[in-house]
2 protein chains.
Amino acid sequence: MATDLIPRVKGVRDFYPEDWALQKWLGETCIALGAGFGYQEYEGPVMEYMDLYLGKTSEEIVSRQTFTLSGRDERPLVLRPELTPTLARMVAQQEDRLVFPLRWQSYGRFYRYERPQRGRGRSFFQWNIDLLGSDTLHADAEIITIACELFKTLGLSPDQVTVKVNDRQGLECHLIRSFGLRSGQIRPLFAIVDRIDKMPYGKFRVGLAELGLDSEQIDGLVEMLESKDPGFSPRLEQVIRLLERNDVSEYVEPDLKIVRGFDYYTGIVFEAWATHSLRRALFGGGRYDNLTLQVGGRKPVPGVGFAVGDMAITELLKESDLLDHVTSPVADLLVSVFSEDTAEQAASYARLARSRGLAVELGLKPGQRLDRQLKYAHRKGIPFVTIIGPDEVSSKTVLLKNLATGEQTVLPSCNVGKLTELIRRYRQR
Amino acid sequence: MATDLIPRVKGVRDFYPEDWALQKWLGETCIALGAGFGYQEYEGPVMEYMDLYLGKTSEEIVSRQTFTLSGRDERPLVLRPELTPTLARMVAQQEDRLVFPLRWQSYGRFYRYERPQRGRGRSFFQWNIDLLGSDTLHADAEIITIACELFKTLGLSPDQVTVKVNDRQGLECHLIRSFGLRSGQIRPLFAIVDRIDKMPYGKFRVGLAELGLDSEQIDGLVEMLESKDPGFSPRLEQVIRLLERNDVSEYVEPDLKIVRGFDYYTGIVFEAWATHSLRRALFGGGRYDNLTLQVGGRKPVPGVGFAVGDMAITELLKESDLLDHVTSPVADLLVSVFSEDTAEQAASYARLARSRGLAVELGLKPGQRLDRQLKYAHRKGIPFVTIIGPDEVSSKTVLLKNLATGEQTVLPSCNVGKLTELIRRYRQR
């Protein structure tokens with residue numbers, strides 16, 4: 001019978017209660033924030049036909065980072081690497097029934113076959129929030145405002161995080177008009193700019209030269225990209241103004257180097273960055289106005305949104321000691337079981353307390369030594385224990401012990417008003 | 001550009017907000033029930049090495065119903081068809097650190113490649129709740145009590161659902177001792193008994209005859225299996241008594257035909273059945289005392305638990321009109337935007353209302369005709385709309401419109417006390 005322990009799959013996570021509490025808190029915090037702006041929750045399937053991602057999700061992700069499911073169906077089936085194509089499919093499917101603009105959000109699991117590293121894994125959670133059916137810059141500004149409000153809610157300050165905003169389409173036009181680039185050069189240029197922070201400056205220049213830019217063009221381009229000047233784009237300027245009005249401008253800066261890797265973006269794009277420590281993009285998003293058409297919808301539905309993975313942000317929150325208050329809830333009370341003779345009274349009392357909304361564990365071993373039952377409660381972090389022995393049964397009482405203070409209180413066995421009050425006070429302390 | 005709509009994968013579901021609201025309500029209801037009994041939430045990865053299931057999960061599920069992931073790793077990788085083996089792995093991994101007994105629960109997604117049919121799909125949600133580290137019958141009784149309490153909480157009466165309980169190991173001993181069966185006959189016999197409700201009676205008898213039972217043995221066996229008499233097992237009798245004490249016996253009956261398909265069960269087993277309409281097992285569970293050893297743990301950790309899939313139970317709840325109260329939450333208020341000149345005041349008011357916990361949508365198109373903004377709110381089900389025109393700006397007020405009654409109220413623009421009160425009253429109506 002002595003087999004080796006079957007291991008966990010590489011790059012995925014087990015969530016023990018203390019881990020899951022963090023994950024759940026993060027998900028609930030995101031969803032509550034979105035609900036405050038009127039966003040409704042939805043969810044898609046975890047598997048999709050691969051066609052759904054082709055030519056939309058970044059080439060690298062589709063060809064090298066998706067998990068494929070074996071030979072069960074005629075079309076290749078993959079585990080979803082992101083949600084936006086699913087959202088577009090769902091909206092296109094019911095475009096005649098849905099009331100636009102749609103404000104939708106979702107918190108779910110996604111899969112990418114990446115080399116596991118700090119802040120990245122093969123299975124992760126992601127909050128997706130999208131506004132569909134509005135082409136005004138007010139929609140872009142609302143979405144970016146929510147990204148900033150997420151940081152406020154999580155306790156991350158503008159010192160720690162920045163939301164960098166750009167107008168991808170505007171930049172494209174500007175490069176063609178003012179730098180004399182050909183439109184065929186834009187996509188490969190953006191692919192290089194998207195990786196600008198991952199490569200040495202010399203290599204970046206070589207990449208541009210290989211695209212056919214002369215050194216004057218390269219100098220001009222570098223100067224412009226580093227300028228943080230939104231003047232090239234009236235749209236970008238207006239979004240920046242709307243974000244000021246929305247009282248989040250301390251988190252925001254224009255950054256012309258932000259072009260995003262996903263091919264479906266068509267206008268304003270943005271990325272949230274950790275300024276210290278991680279020094280990397282935490283998440284990003286932008287406007288995509290053609291995606292429902294690309295998945296076979298009959299009418300164009302403009303969209304704007306973003307997606308936040310859990311791993312990088314959790315890393316940052318832990319470093320900043322912003323997760324210390326999150327713990328896995330345990331029972332309020334252990335109803336210990338003194339003996340077989342009093343087991344029935346113990347069970348009744350537990351039932352009564354639960355019916356009033358308390359979380360109650362009941363002892364499973366009548367007659368187990370009381371000090372062991374108390375020790376168990378202490379190790380679990382359960383704050384109160386009741387004892388119901390023969391004396392308590394005959395006087396119709398229970399003895400309540402506060403494990404932290406040692407304080408003992410005699411309570412009636414037929415109602416839990418006083419107990420509820422003591423536990424409520426303990427929770428608020 | 002006119003492509004066909006890329007379809008959803010067969011047998012999986014899209015959850016539009018109204019569908020997701022049901023799913024979320026069911027999940028939260030289960031988790032809240034478990035928390036009341038002191039069960040902590042955890043979660044496992046969605047993919048595991050196939051070894052984890054071999055010889056534990058039913059043969060049929062492992063060999064024919066798991067989704068396999070292609071060629072990315074040396075060991076075959078599958079999408080989880082159930083959670084119990086993952087739970088055993090996680091517990092075995094940290095058996096020295098964990099404080100037993102463990103009360104753990106989880107609500108997550110699972111995958112089986114089944115023929116899609118009513119109440120079944122290829123991707124489903126499942127609530128798993130397990131008690132590990134206790135071998136007393138009080139643990140079995142607690143778990144079965146929770147199954148019954150789930151029905152009470154969902155509003156399903158003992159007329160509609162029954163929890164059938166058996167002692168699988170006790171039955172095995174009894175069949176050997178009193179019916180003269182050989183131990184090698186037990187497993188194939190249980191495989192037939194497990195499918196007794198899916199086959200004609202004649203075919204059932206033929207199956208038993210093929211196992212080598214003579215017609216007298218078959219008559220005796222049939223009579224016993226149909227008897228609902230727990231007398232063969234003192235353990236089953238005690239569990240039935242404990243369930244009476246826990247005030248759930250109206251949901252419970254002994255049923256000797258319940259043996260469960262999963263090979264890891266070692267004692268008390270049970271299944272919840274819908275008595276009308278569906279007339280099928282809704283979910284099941286039982287005691288498994290060797291599972292952590294089977295996945296490579298060093299010490300045996302006794303366990304008992306069950307898992308409820310979402311699909312059959314949702315079907316039953318819909319038929320019983322028990323889901324009508326569940327809807328996807330929408331915003332409390334639409335702050336309409338009268339014109340560009342008043343857009344700033346509208347945005348401020350929306351921000352103020354959100355800061356007090358209200359869910360607020362802000363109009364995205366300053367100057368859009370007011371009747372269209374009102375119509376949008378009406379179609380979405382948003383109960384209140386504010387209007388802030390030039391008059392309101394100069395008098396520092398907002399005009400609040402209740403869409404259901406048409407009632408209009410003038411409110412101050414600098415605080416939302418009255419607004420919050422009106423919305424709270426509306427929610428409680």
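Residue numbering restarts at 1 for every chain, and letters A, B, ... go by the order of the sequence lines.
Residues A:Y49 and B:K10 have side chains in contact (heavy-atom distance under 4.5 Å, counting atoms from C-beta outward). Counting heavy atoms from C-beta outward, A:P101 and B:E361 have side chains that stay 4.5 Å or more apart.
Interface summary for chain A: among B:A21, B:A331, B:A32, B:G44, the most heavy-atom pairs under 4.5 angstrom belong to B:G44. For the set B:V330, B:L358, B:D14, the count of heavy-atom pairs under 4.5 angstrom toward chain A peaks at B:D14. Contact count versus chain A (heavy atoms, under 4.5 Å) is highest, among B:Q23, B:E149, B:K24, for B:K24. For the options B:G357, B:A141, B:G363, B:P7, heavy-atom pairs under 4.5 Å to chain A are most numerous at B:P7. Chosen from A:V12, A:L364, A:N246, the residue pairing most often with chain B at heavy-atom distances under 4.5 Å is A:L364.
When each of A:Q93, A:Q40, A:R97 is paired with B:Y16, the side-chain hydrogen bond (donor to acceptor under 3.5 Å, both in side chains) condition holds for A:Q93 and for no other. Among B:V78, B:V9, B:T68, B:L79, the single residue meeting the side-chain contact (heavy atoms from CB on, under 4.5 Å) criterion with A:L69 is B:L79.
Within 6.0 Å of the NZ atom in B:K152, the count of heavy atoms belonging to other residues, nucleotides or ligands exceeds 12.
A:V99 approaches B:K380 most closely through the heavy-atom pair O-NZ, 3.0 Å.
In summary, the side chains of B:E43 and A:W20 do not present any donor paired with an acceptor at a separation below 3.5 Å, with no hydrogens or angles considered.
Going from atom CD1 of B:I6 over to atom CZ of A:R89 covers 9.0 Å, rounded to the nearest 0.5 Å.
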